[in-house]
Protein chains: 2
Amino acid sequence: MDRKNIPRATVRRLSLYCRYLAEIREQDIEYVSSRELGGGIGTNAAQVRKDLSFFDRFGTPGRGYPVGFLHQRLEQILGIDGRRWQVAIIGVGRLGSALVDYGGFLKHGFHVVAVLDSDKKKIGQTVKSLTIEDVADLKAVIERSRVDIVVVAVPAEFAQRVATQAVDAGIRAVLNFAPATLILPEEVNLRHVDLAVAMESLSFHLIR
Amino acid sequence: MDRKNIPRATVRRLSLYCRYLAEIREQDIEYVSSRELGGGIGTNAAQVRKDLSFFDRFGTPGRGYPVGFLHQRLEQILGIDGRRWQVAIIGVGRLGSALVDYGGFLKHGFHVVAVLDSDKKKIGQTVKSLTIEDVADLKAVIERSRVDIVVVAVPAEFAQRVATQAVDAGIRAVLNFAPATLILPEEVNLRHVDLAVAMESLSFHLIR
DNA sequence: TGCAAATAGTAAATTATTTCACAAACTTTT
DNA sequence: AAAAGTTTGTGAAATAATTTACTATTTGCA
């Protein structure tokens with residue numbers, strides 16, 4: 001696989017291509033053109049070809065891309081082929097618990113292996129057969145359960161603290177749901193799922 | 001306010017600046033430099049100045065930006081100043097219900113005024129003093145409740161259908177939580193909050 | 001087999017976004 | 001009141017991402 005700098009937008013689209021391919025694979029479609037594939041995720045043929053060209057030559061001129069093969073290769077490229085990512089969710093509020101049994105997790109090789117909170121009343125209870133642990137023991141939990149990815153679902157004011165603790169415990173990938181900007185070392189992979197930002201962007205465009 | 005084409009990334013950052021300003025405003029800080037403001041959201045001073053320069057000259061050389069004033073102006077620019085956006089949530093599964101009483105909504109002028117589902121067992125029940133309505137009545141609900149923004153929180157296979165119905169009923173802004181690409185007319189504002197894409201992007205970078 | 005149609009791959013052009021660099025404006029100090 | 005120190009706003013430069021345009025393959029059919 002490639003060392004080149006892949007645009008972040010390209011990586012995002014790879015996920016979307018992959019999802020679309022899974023769908024049409026179900027329908028036993030064998031080949032798909034860059035035009036169809038682009039149309040399926042709301043972009044164009046040139047973008048598809050450029051995105052894929054970062055990795056390999058997957059297609060056949062005159063025919064398009066072999067659906068099954070490309071799907072498989074994209075799963076490899078995305079690191080969701082057979083691999084098993086261990087996820088810890090910090091913060092078992094409404095959102096946190098919704099995430100624990102979010103079906104999409106398991107389907108793509110992401111396994112929730114630990115759930116943590118700071119609320120003494122919640123610690124010890126179980127969610128989906130996982131015992132809620134004390135966030136004070138974060139480092140121990142991360143090591144014991146070999147966590148790869150930490151999901152931050154705590155209130156904004158605690159988000160930076162738990163994220164920093166997770167990184168100190170060796171975590172290299174963080175998905176943040178808290179409405180807060182996290183400042184973490186460069187080398188840590190950080191993604192935000194920010195409802196407020198999305199809503200405000202809609203608001204911004206609606207009034208124009 | 002301006003007609004120019006504002007980069008999407010700039011709009012995203014405006015939200016973050018706004019949030020950061022709200023925080024330091026609480027601490028009665030009166031001025032903030034572009035450097036501090038950038039640092040606060042993980043970008044740099046030049047980016048801050050360029051972003052703000054799309055709209056107006058807010059700062060004072062040698063001093064920085066007046067916190068309260070800039071915060072207020074950004075709220076205006078984002079359309080979250082006193083205005084009241086009416087939101088309908090379609091799909092009252094785990095995620096949908098988590099969203100209904102997501103505090104951050106109300107705080108920024110977004111009011112959930114309707115909740116819909118297709119499940120006969122859920123229709124008629126109440127969530128946060130809202131009666132769950134039949135998604136078959138979507139158009140009527142949107143008109144009656146003067147909905148501005150529709151949040152799609154249904155399973156992927158139904159997402160396109162309800163989104164299209166919402167647009168047909170006059171909706172111009174959609175926030176999609178379903179793991180599906182929605183194809184909607186250009187002029188409709190569409191944002192995705194896509195957990196799978198975020199996780200896969202982390203996975204992609206972790207294996208490199 | 002040969003020819004028309006379709007489509008991938010890619011270099012170059014274009015467009016968009018970010019960063020640089022510096023003059024002008026303002027504050028603070030002496 | 002002048003000098004020194006900050007920090008903004010902004011054109012220009014640099015970088016990044018997308019789109020265009022064209023070549024080369026491959027298919028499918030006569």
Side-chain angles (χ1 to χ4, degrees), chain A residues 2-17 20-21 24 29-71 73-74 77 186 197 201 204-205, chain B residues 2-17 20-21 24 29-71 73-74 77 186 197 201 204-205:
Chain A
D2 257 295
R3 293 272 140 268
K4 281 165 279 183
N5 264 26
I6 310 298
R8 176 164 302 197
T10 291
V11 177
R12 211 180 61 80
R13 284 187 300 263
L14 292 181
S15 283
L16 301 180
Y17 299 145
Y20 181 78
L21 290 166
I24 62 176
I29 292 169
E30 290 190 16
Y31 279 85
V32 64
S33 69
S34 55
R35 181 128 73 92
E36 289 169 316
L37 185 46
I41 74 145
T43 187
N44 58 48
Q47 187 71 77
V48 171
R49 297 203 297 270
K50 170 64 82 178
D51 285 339
L52 297 180
S53 76
F54 283 113
F55 300 97
D56 205 345
R57 305 167 62 145
F58 301 108
T60 309
R63 288 205 114 198
Y65 300 94
V67 173
F69 173 70
L70 182 57
H71 180 238
R73 293 288 285 106
L74 286 183
I77 289 170
E186 282 260 307
V197 168
S201 153
F204 175 88
H205 287 101
Chain B
D2 257 293
R3 293 272 139 268
K4 281 164 283 183
N5 265 27
I6 310 299
R8 175 164 301 197
T10 292
V11 177
R12 211 180 60 81
R13 285 188 298 264
L14 293 181
S15 283
L16 301 180
Y17 298 146
Y20 182 78
L21 290 165
I24 62 176
I29 293 171
E30 290 191 15
Y31 279 85
V32 63
S33 69
S34 54
R35 180 129 74 93
E36 289 169 314
L37 185 46
I41 73 145
T43 187
N44 59 50
Q47 187 71 78
V48 172
R49 297 203 297 272
K50 175 63 80 180
D51 284 340
L52 298 179
S53 75
F54 282 113
F55 300 96
D56 205 347
R57 306 168 60 147
F58 301 108
T60 309
R63 287 208 114 194
Y65 299 93
V67 172
F69 173 71
L70 181 57
H71 180 236
R73 293 288 287 103
L74 285 185
I77 288 170
E186 282 261 305
V197 169
S201 153
F204 175 88
H205 286 101

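Letters go in sequence order (proteins before strands), and every chain restarts at 1. Just so you know, these numbers come straight off a predicted model, no measurement behind them.
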Compare the minimum distances between each of [options] and the side chain of [X], then state the nucleotide with the smallest one.
X	options	value
A:K50	C:dA8, C:dT28, C:dA12	C:dA12
B:P7	D:dT19, C:dT28, C:dT17	C:dT17
A:Y65	C:dG9, D:dT18, D:dT7	C:dG9
B:A9	C:dT19, D:dT8, C:dT18	C:dT18
A:S33	C:dT27, D:dT26, C:dA8	C:dA8
B:S53	D:dT20, D:dT10, C:dT28	D:dT10

Inset, instruction - Test B:Y17 against B:T43 for side-chain contact (heavy atoms from CB on, under 4.5 Å), laying out the working first. - result: CA-CA 10 Å; B:Y17 298 146; B:T43 187; 4.0 Å; yes
Between [N] ([atom2]) and [X] ([atom1]): distance, integer Å:
X	N	atom1	atom2	result
B:L37	D:dT8	CG	C1'	13 Å
A:R63	C:dA5	CZ	C1'	14 Å
A:F58	C:dA8	CZ	C1'	13 Å
A:Q47	C:dA8	CD	P	14 Å
A:N44	C:dG9	CG	P	15 Å
A:D51	D:dA17	CG	C1'	10 Å
A:L52	D:dT19	CG	P	15 Å
A:F69	C:dA8	CZ	C1'	14 Å

[X] side chain N/O closer than 4.0 Å to the phosphate oxygens (OP1, OP2) of [N]?
X	N	answer
B:R13	C:dT18	yes
B:R57	D:dT7	no
A:S34	C:dT7	no

Inset, instruction - Quick one: do A:L52 and A:L70 satisfy side-chain contact (heavy atoms from CB on, under 4.5 Å)? Show the steps, please. - result: CA-CA 10 Å; A:L52 297 180; A:L70 182 57; 4.0 Å; yes
Legend entry - CA sep, side-chain torsions, deciding dist, call: A:R49, A:Y65, side-chain contact (heavy atoms from CB on, under 4.5 Å): CA-CA 10 Å; A:R49 297 203 297 270; A:Y65 300 94; 3.6 Å; yes
Inset, instruction - Give the intermediate values and the outcome of side-chain contact (heavy atoms from CB on, under 4.5 Å) for residues A:H71 and A:L74. - result: CA-CA 5 Å; A:H71 180 238; A:L74 286 183; 5.8 Å; no
Inset, instruction - Would you name the heavy atoms of A:V32 and A:L37 that are closest together and state the gap between them? - result: CG2-N, 3.8 Å
Inset, instruction - May I ask you to verify whether the side chain of B:R49 and the base of D:dG9 hold a donor-acceptor pair under 3.5 Å? - result: yes
Legend entry - Residue whose closest nucleotide on DNA chain D lies nearer the 5' end, B:T60 versus A:P61: B:T60
Inset, instruction - Name the nucleic acid region contacted by A:G62, choosing base, sugar-phosphate or nothing; use a 4.0 angstrom heavy-atom cut-off, strictly under. - result: base
